[in-house]
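Have a look at the structure below, then the notes.
Along the sequence shown, residues carry numbers from 1. Numbering of ligands and ligand atoms starts at 1, following listing order.
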Amino acid sequence: MIKRYFLGVMICLAVSPAIAEQQYVAPQYQLKEKQIFIEKLMQQMTMEEKIGQLNLVSIGSDYPKPAIMAAIRDGKVGAMFNTVTKVDIRRMQDQVQYSRLKIPLFYAYDVVHGQRTVFPISLGLAASWDMDAVALSARISAKETAADGLNMTFSPMVDITRDPRWGRVSEGFGEDTYLTSRLAKVMVESYQGDDPSAPDRVMANVKHYALYGAGEGGRDYNSVDMSLPKMFQDYMPPYQAAIDAGAGGVMVALNAVNGIPATSNTWLLTDVLRQQWKFNGVTVSDHGAIGGLVKHGVAENDRQAAMMALKAGVNMDMYDNMYGKYLPGLLKDGLIKQQDIDTAVRNVLGVKWDMGLFADPYRHLGPASTDPVDTNAESRLHRAEAREVARTSLVLLKNDHNTLPLAKSGTIALIGPLADSQRDVMGSWSAAGAAKQSVTVYQGIKNALGTQATVLYSVGANITDDAAIVKYLNSYDKSVEVDPRSPQAMIDEAVNTAKKADVVVAVVGESQGMAHEASSRSDISIPQSQRDLLKALKATGKPLVLVLMNGRPLTLSWENDISDAMLETWFSGTEGGNAIADVLFGDYNPSGKLPMTFPRSVGQIPIYNSVLNTGRPFNPQKPDKYTSRYFDITNGPLFPFGYGLSYTDFSVSDITLSSTTLDSKGTLTASVTVTNTGKRSGATVVQLYVQDVVASISRPVKELKNFSKVMLQPGEQRVISFPITEQDLRFYNENLKWVSEAGKFNVFIGLDSQNVKRQSFLLL
Ligand code: BGC
């Protein structure tokens with residue numbers, strides 16, 4: 001075994017690019033061999049070559065391909081991102097053969113919700129509460145990513161966030177620690193399988209460690225100040241879940257945590273990540289984050305920043321090559337140790353080993369003869385899977401008088417700036433997805449109706465009439481198209497269209513660029529241009545269905561008042577339009593549930609499910625002045641966490657507990673009978689919440705602890721049982737010990753976080 005392996009190394013170190021024509025050989029995974037190999041290689045490396053391994057470069061106008069190729073030949077590049085075709089990647093990897101030690105590069109990309117086939121944005125995936133669907137999306141993503149020659153995805157993004165003003169809410173799984181941790185595990189396992197080097201797998205790089213989603217005021221890149229118990233209880237578990245699931249990489253967050261930027265935070269990167277959590281993969285900085293330490297005000301200059309980041313535990317330097325520039329001098333001046341560099345290099349080489357690149361530097365690339373003729377060929381897409389997953393992510397928020405599903409007859413007026421936008425339906429971070437391949441709602445409705453009914457389309461409004469916002473959104477790439485007609489002319493046309501129809505379907509919300517990096521909003525309502533349109537449509541008196549497209553919870557109180565039905569569709573991906581049409585016409589019964597609370601007003605933020613009770617809790621049944629509340633608004637969310645309707649009805653029985661007590665070794669079972677009391681088959685999510693009634697620190701009123709998505713035929717009943725053990729009741733106490741405390745616990749089960757049944761037991 002070891003012989004074959006070293007033979008592999010020698011081949012890798014000595015032959016020409018023709019190695020690309022070799023057959024795929026499975027990598028070897030004996031830990032000892034890996035260590036021996038890496039140590040042997042390290043002995044041959046010069047200091048410059050070692051530092052080169054820490055350089056994670058991005059192709060861009062400021063670093064064009066020929067310059068990168070020359071740097072690779074000089075042994076000055078460790079890995080690359082933002083190159084996404086086999087042809088390009090092979091050209092880069094070919095350069096390795098001209099470098100002294102011929103150490104292969106790995107290639108990464110932000111494949112957050114699909115590569116060529118775009119799945120719903122992560123927030124939409126979370127809304128499915130369907131682990132099989134999410135696993136399917138990640139498996140396909142991995143397959144398509146590997147098929148493009150890539151080795152790593154900068155995903156999953158598992159930053160808990162309770163602030164919908166933050167634009168990157170769209171990239172994560174929402175507010176809840178338990179749901180996000182489950183999804184983190186599923187995503188990593190589905191990307192990597194048992195072996196990230198396999199032909200249809202890639203390595204996961206979980207991000208952004210840590211607490212990027214908790215930035216003050218929801219403003220991107222902003223600082224985080226948080227108590228340690230809250231940090232470990234609510235914000236850290238998803239990162240740890242990804243690492244426990246075997247994620248090979250960790251991306252370091254851009255923000256400061258309790259005053260110390262994550263990028264220079266030894267406690268986060270070494271004490272917690274390496275020592276406590278036993279992470280042994282590679283850490284990468286976020287884009288330009290090492291240089292950012294100067295702006296944070298913790299480093300005097302870039303040189304000091306490079307020193308701090310390396311010592312804290314940032315292995316690879318993304319984009320700004322601070323390590324390349326400054327580590328040699330820092331080493332010479334004794335400000336860093338040889339060992340600091342070696343530790344980082346070992347981790348880089350370690351993931352390259354795990355990616356199978358030492359056994360075959362052309363892993364995932366294969367011979368040039370296998371390159372796709374057309375990287376965007378239809379045959380490379382997984383449309384059926386994308387449609388299946390997208391359907392599970394849609395959340396029915398309102399459905400008065402069974403307005404939905406719509407009949408496939410008569411005339412439908414389809415209105416709105418998002419109704420026929422191929423770019424927007426894909427959402428932000430849509431990797432290598434091609435907009436021209438995505439299905440809009442307009443196209444999806446036409447596909448569903450054929451000749452059975454008429455659909456009339458009118459754009460009705462621009463995304464926004466605010467020229468300054470359009471300019472901002474288009475400042476790096478043109479993502480928002482503006483119809484030059486006057487707002488009134490567009491509304492008039494839409495109203496005329498609506499008047500000819502039996503029902504109006506308005507597709508409104510945010511453009512994809514409004515829910516993205518650097519897209520924080522202080523006002524999370526639907527832009528005024530679209531609200532003016534809705535007002536005019538409402539005035540026609542026609543039934544009004546809102547199809548919402550957005551990457552964050554929006555404030556929708558007014559829309560909720562004026563509409564007959566509302567379907568939350570997030571940004572649902574390549575097959576979004578078909579999936580939405582499936583739900584609009586009842587070919588699929590919606591089953592999604594909100595992974596984030598929808599506030600009534602931006603002033604209520606942060607608003608989330610697992611809050612503490614306070615000493616003066618607000619009681620909506622008995623409202624009182626001196627309680628924790630706002631006096632100028634209905635208190636509580638517009639739509640709570642875990643909420644979502646169906647075209648059928650479900651009932652939930654009272655909770656039966658297997659015992660009224662639980663000891664530290666036992667398991668207690670909480671069961672309910674769920675019945676489909678309606679006339680259609682449908683799925684719902686049964687949710688289990690727990691409250692530690694009295695503890696040494698105040699504990700949340702309801703914490704999600706388990707859930708189960710069940711499909712029931714009309715009239716069908718199912719007993720859903722959740723096991724509860726002492727471990728499920730633990731929390732981080734004031735001394736950061738993960739403990740449970742004896743006493744009373746409440747158990748809640750329901751189909752959302754507010755409408756629940758309750759029981760109690762004692763932990764002995
Ligand atoms: C983002 C990361 C992303 C990286 C590379 C950064 O701006 O914060 O999430 O992985 O760019 O594209």
Side-chain angles (χ1 to χ4, degrees), residues 55-63 68 77-84 106-115 121-123 141 145 148 150-161 166-173 184 187-188 191 202-215 218-224 238-239 242 247-257 261-263 281-293 295-296 309 314-322 427-433 475-477 512-513 515-520 551:
N55 191 14
L56 173 55
V57 310
S58 165
I59 292 183
S61 49
D62 50 349
Y63 203 177
I68 296 176
V77 183
M80 261 180 84
F81 70 107
N82 283 348
T83 178
V84 294
F106 73 78
Y107 299 84
Y109 197 41
D110 290 284
V111 184
V112 180
H113 55 112
Q115 167 69 347
I121 56 166
S122 305
L123 196 61
S141 297
T145 306
D148 278 337
L150 293 150
N151 313 98
M152 177 186 273
T153 170
F154 293 142
S155 171
M157 192 278 224
V158 300
D159 303 322
I160 295 291
T161 184
W166 192 44
R168 303 196 78 171
V169 161
S170 59
E171 283 174 66
F173 300 121
M187 293 290 287
V188 170
Y191 283 144
V202 286
M203 185 173 279
N205 187 313
V206 62
K207 66 191 184 186
H208 306 83
Y209 180 73
L211 317 189
Y212 185 27
R219 190 154 51 76
D220 209 355
Y221 317 124
N222 208 1
S223 307
V224 178
Y239 307 111
V250 168
M251 189 184 293
V252 181
L254 291 156
N255 53 283
V257 174
T263 307
V282 72
T283 54
V284 305
S285 66
D286 201 344
H287 207 270
I290 297 181
L293 292 177
K295 303 215 170 88
H296 271 290
V314 176
N315 299 154
M316 292 192 98
D317 172 2
M318 184 194 284
Y319 177 73
D320 56 9
N321 197 24
M322 293 293 164
S428 66
W429 296 104
S430 44
S475 55
Y476 275 76
D477 55 341
Q512 56 85 26
H516 187 41
E517 183 174 349
S519 302
S520 295

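On a distance-only criterion, Tyr212 and ligand 1 share no N/O pair closer than 3.5 Å. Residue Glu171 has no N or O atom closer than 3.5 Å to an N or O atom of ligand 1. Not one N or O of Trp429 is nearer than 3.5 Å to an N or O of ligand 1, by distance alone. Taking only nitrogen or oxygen atoms, main chain and side chain alike, Glu517 reaches within less than 3.5 Å of ligand 1.
Residues Val111 and Ser155 approach most closely at O-CB, 3.3 Å, considering heavy atoms. Minimum heavy-atom separation, Ala431 to Asp110: CB-O, 3.8 Å. The two residues Val252 and Thr283 have their closest heavy-atom pair at CG2-CB, 4.4 Å. Looking at every heavy atom in both residues, Met251 comes nearest to Met318 through CE-CE, 3.6 Å. Shortest non-hydrogen contact noted between Ala247 and Val206 is CB-CG1, 4.4 Å. Closest approach of Pro156 and Phe173 over heavy atoms only: CB-CE1, 4.2 Å.
Remark: distances from the non-hydrogen atoms of Met157 to ligand 1 are all 4.0 Å or more.
Each of the atoms 2 (C), 3 (C), 9 (O), 10 (O) of ligand 1 lies under 4.0 Å from some heavy atom of Lys207. For ligand 1, the atoms closer than 4.0 angstrom to any heavy atom of Met251 are 2 (C), 10 (O). Within the listing of ligand 1, atoms 5 (C), 12 (O) sit less than 4.0 angstrom from a heavy atom of Phe81.
In this structure, the protein non-hydrogen atom closest to atom 9 (O) of ligand 1 is His208 NE2, 2.6 Å. Atom 6 (C) of ligand 1 has its closest protein heavy atom at Asp286 OD1, 2.9 Å. Protein heavy atom at the shortest distance from atom 3 (C) of ligand 1 is Asp110 OD1, 3.2 Å.
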**Message:** Would Asp220 and Tyr212 count as a side-chain hydrogen bond (donor to acceptor under 3.5 Å, both in side chains) here? Give the steps.
**Reply:** CA-CA 8 Å; Asp220 209 355; Tyr212 185 27; 2.7 Å; yes
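Around atom OH of Tyr221, more than 12 heavy atoms belonging to other residues, nucleotides or ligands sit under 6.0 Å away.
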